[in-house]
Number of protein chains: 2
Amino acid sequence: MSQTVDRALSILPLLAQGPADLGQVAERLGVHKSTALRLLRTLHEHGLVYRQQDQRYRLGARLFALAQEAVENLDVREIAHPHLVELNDRCGHTVHLAVYEEQEVLYIDKVESRYPVRMYSRIGKPVAITVAAVAKLLLADLTEPERRAIAEKLDYPMYTSRSTPNAAAFLKELAVVREQGWATDLGGHEESINCIGAPIRGADGRVVAAMSVSAPNVVVTAEELLTLLPLVRRTAETISREYSGTNRPKKV
Amino acid sequence: MSQTVDRALSILPLLAQGPADLGQVAERLGVHKSTALRLLRTLHEHGLVYRQQDQRYRLGARLFALAQEAVENLDVREIAHPHLVELNDRCGHTVHLAVYEEQEVLYIDKVESRYPVRMYSRIGKPVAITVAAVAKLLLADLTEPERRAIAEKLDYPMYTSRSTPNAAAFLKELAVVREQGWATDLGGHEESINCIGAPIRGADGRVVAAMSVSAPNVVVTAEELLTLLPLVRRTAETISREYSGTNRPKKV
DNA sequence: ATGGGTGTTGCATATGATGCAACGTACTTC
DNA sequence: GAAGTACGTTGCATCATATGCAACACCCAT
């Protein structure tokens, strides 16, 4: 809606791919060098870009600080955290918390496994949306047309032979998840890793977040992991209750 | 330099403090509601702000993703990481990596302690600049006028009785650190936590990053921690060599 | 010295951001 | 249940402000 701001903000994802000099930025924005310079200067003043010694620009420090503060301001996260820790204490595996936002699912909290074998994931990192248990839970709660629209738009990368292959399979899976109130990812993202997850609901019953427990085959089999399901669901329900109680959304 | 972009970007730190509605944003920016609306819409399109159910705006998901990509693009971090892990394997304590940027020191990597007692810190979080060992290392490398200028501008919060009390003490401490080539923080940030740190240098000898090992008193005393100093310094030197070798800055 | 590459500045132009006022809609209050 | 209030939203006329241009400054390489 605002051309100038729009151009300025377009610089950020561009620099996320790696440092670039003034000329490159101007070219990729399709504007004159002097224009790019002024935009970069403004971004610089706000600490969003940084000028390294070779004069090239890259993303700046304040970006981290902002992301940091942002994640700390999420109420669900604050309420859920102690429960996630407790769950991790009991079962020892990696515990994740994720939310859905603007067509993306992303981790907002994580408690590391006590076992030496850990999975790679990181807070803020977008989730493999077509296979992750938390993603299924979050998407399953959308309305039917929304689910359909998103399923159509997604890519279905075959991380493993058990990855969700296409939109039809995904929609079917979402229906199952919606019905049963929990979800799994059995080797769909990484061959040797299984997850089970449960939804966290607000006062109105809508899913506001999802949590999951992940463990590699070498530690526990999928069957053994599934025995934790009641525990995971209970934890999710506890968090849901607490969230609904203390933090009642103003609307709907 | 660009008023429109400047205003738009000012919204981000404002929202970092917590969600706000259109009126609040407009008021705090000192612009008309309609102007604020357009700016927010543009930020929204880029995923930097998110509109929650109660219509209020808060920081958005893409911010995490950007910060994520940004941190992954830092060469020092990439090179240092395996060495930090190895150091952690050997001593078991929390290991931090930090850089200095635009008057701020911030953690860009962290390997968690193996001991149950962990310290609170997070990647992207600005460091307690007047007391942290890594901050002393990074600031000590600046030129004398730079150090003086920054020391004057800082606040000196007394986290504990052993925190750096004022600019004079800080400058003196920086001189010591500069001289000896390593730094400590003995209970200056949290009464029961000690740190020792060493600098990582580029090919030109300038300090590009700093690393530290932190441990609470209940695990090891300050004296015991200090016995790790040679190991920490060796690790820092190994990283420095590797960084200088593979990644020669184009200029200076 | 000379030339190409890059970043930077001042300036005239008109694009595009701004505030205004009016409208829509939801939630409150009497 | 009607009137009132608060908030977000839209179209529009005005002029502030972002833009591209051209000239300049600088660094490195030849």
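Proteins come first, then strands; the chains are lettered A, B, ... in the order of their sequence lines, and each starts at number 1.
Taking the six-membered ring for Trp and thresholds of 30 and 60 degrees, B:Y107 and B:H96 have nearly parallel ring planes, at less than 30 degrees apart.
For B:Q24 and D:dG8, the CD to P distance is 9 Å, given to the nearest whole Å. One atom, CG of B:L37, and another, C1' of D:dG11, lie 13 Å apart when rounded to the nearest Å. In this structure, A:M1 places its CE atom 12 Å from P of D:dT9, rounding to the nearest Å. Taking atom CG of residue B:L29 and atom P of nucleotide C:dA17, one finds them 16 Å apart after rounding to whole Å. Between the CZ atom of A:R56 and the P atom of C:dG7 there is a distance of 11 Å, given to the nearest Å. Rounded to whole angstrom, the span from the CG atom of A:D6 across to the P atom of D:dT19 amounts to 11 Å. For the pair A:D21 CG and C:dT8 C1', the computed distance is 14 Å after rounding to whole Å. Rounded to an integer number of Å, the gap from CD of B:Q55 to C1' of C:dG24 is 13 Å.
Here the side chain of B:Q3 is nearest to one of C:dG7, D:dT17, D:dG8, namely D:dT17. The nucleotide whose nearest atom lies closest to any side-chain atom of B:R41 is, among D:dT10, D:dG8, C:dT9, D:dT10. When distances are taken from the side chain of B:L22 to each of D:dG8, C:dT9, D:dA18, the shortest belongs to D:dG8. Checking D:dG8, C:dA17, D:dT9 against the side-chain heavy atoms of B:Y57 singles out D:dT9 as nearest.
Scanning all heavy atoms of the two residues, the minimum distance from A:Q180 to A:R233 falls at O-NH2, 3.4 Å.
For the pair A:E237 and A:R201, the salt-bridge criterion is not met [side-chain N within less than 4.0 Å of a carboxylate O]. Ion pairing of B:E101 with A:R51 is absent here, as no side-chain N (NZ or NE/NH1/NH2) approaches a carboxylate O to less than 4.0 Å. We find that A:R62 and B:E104 are joined by a salt bridge, their nearest charged nitrogen and carboxylate oxygen being less than 4.0 Å apart. The pair B:E45-B:R41 does not count as a salt bridge, with every side-chain nitrogen at least 4.0 angstrom from each carboxylate oxygen.
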Checklist entry - Given the rule in the side-chain contact (heavy atoms from CB on, under 4.5 Å) test, do A:I11 and A:L15 qualify, once you have shown the distances and angles that lead to the verdict? => result CA-CA 6 Å; A:I11 294 177; A:L15 291 183; 3.9 Å; yes
Checklist entry - Can you check side-chain contact (heavy atoms from CB on, under 4.5 Å) on A:V131 and A:Y156, steps first, answer last? => result CA-CA 9 Å; A:V131 295; A:Y156 293 84; over 6 Å; no
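Comparing the end axes of the helix from C:dA1-D:dT30 to C:dC30-D:dG1, each fitted to five base pairs by superposing C1' atoms of four pairs onto the next four, gives an inter-axis angle of 40° (nearest 10 degrees).
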Protein-nucleotides 20-24 of chain D N/O pairs closer than 3.5 Å?
unit_1, atom_1, unit_2, atom_2, d
D:dG20, OP2, A:H32, N, 3.2
D:dG20, OP2, A:T35, OG1, 2.3
D:dG20, N7, A:S34, OG, 3.2
D:dC21, N4, A:S34, OG, 3.3

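Checked by atom type and distance alone, the side chain of A:N166 pairs as donor or acceptor with a backbone atom of A:A168 at under 3.5 Å.
The shortest distance between the side-chain N/O atoms of B:R51 and the OP1/OP2 oxygens of D:dT9 is below 4.0 Å.
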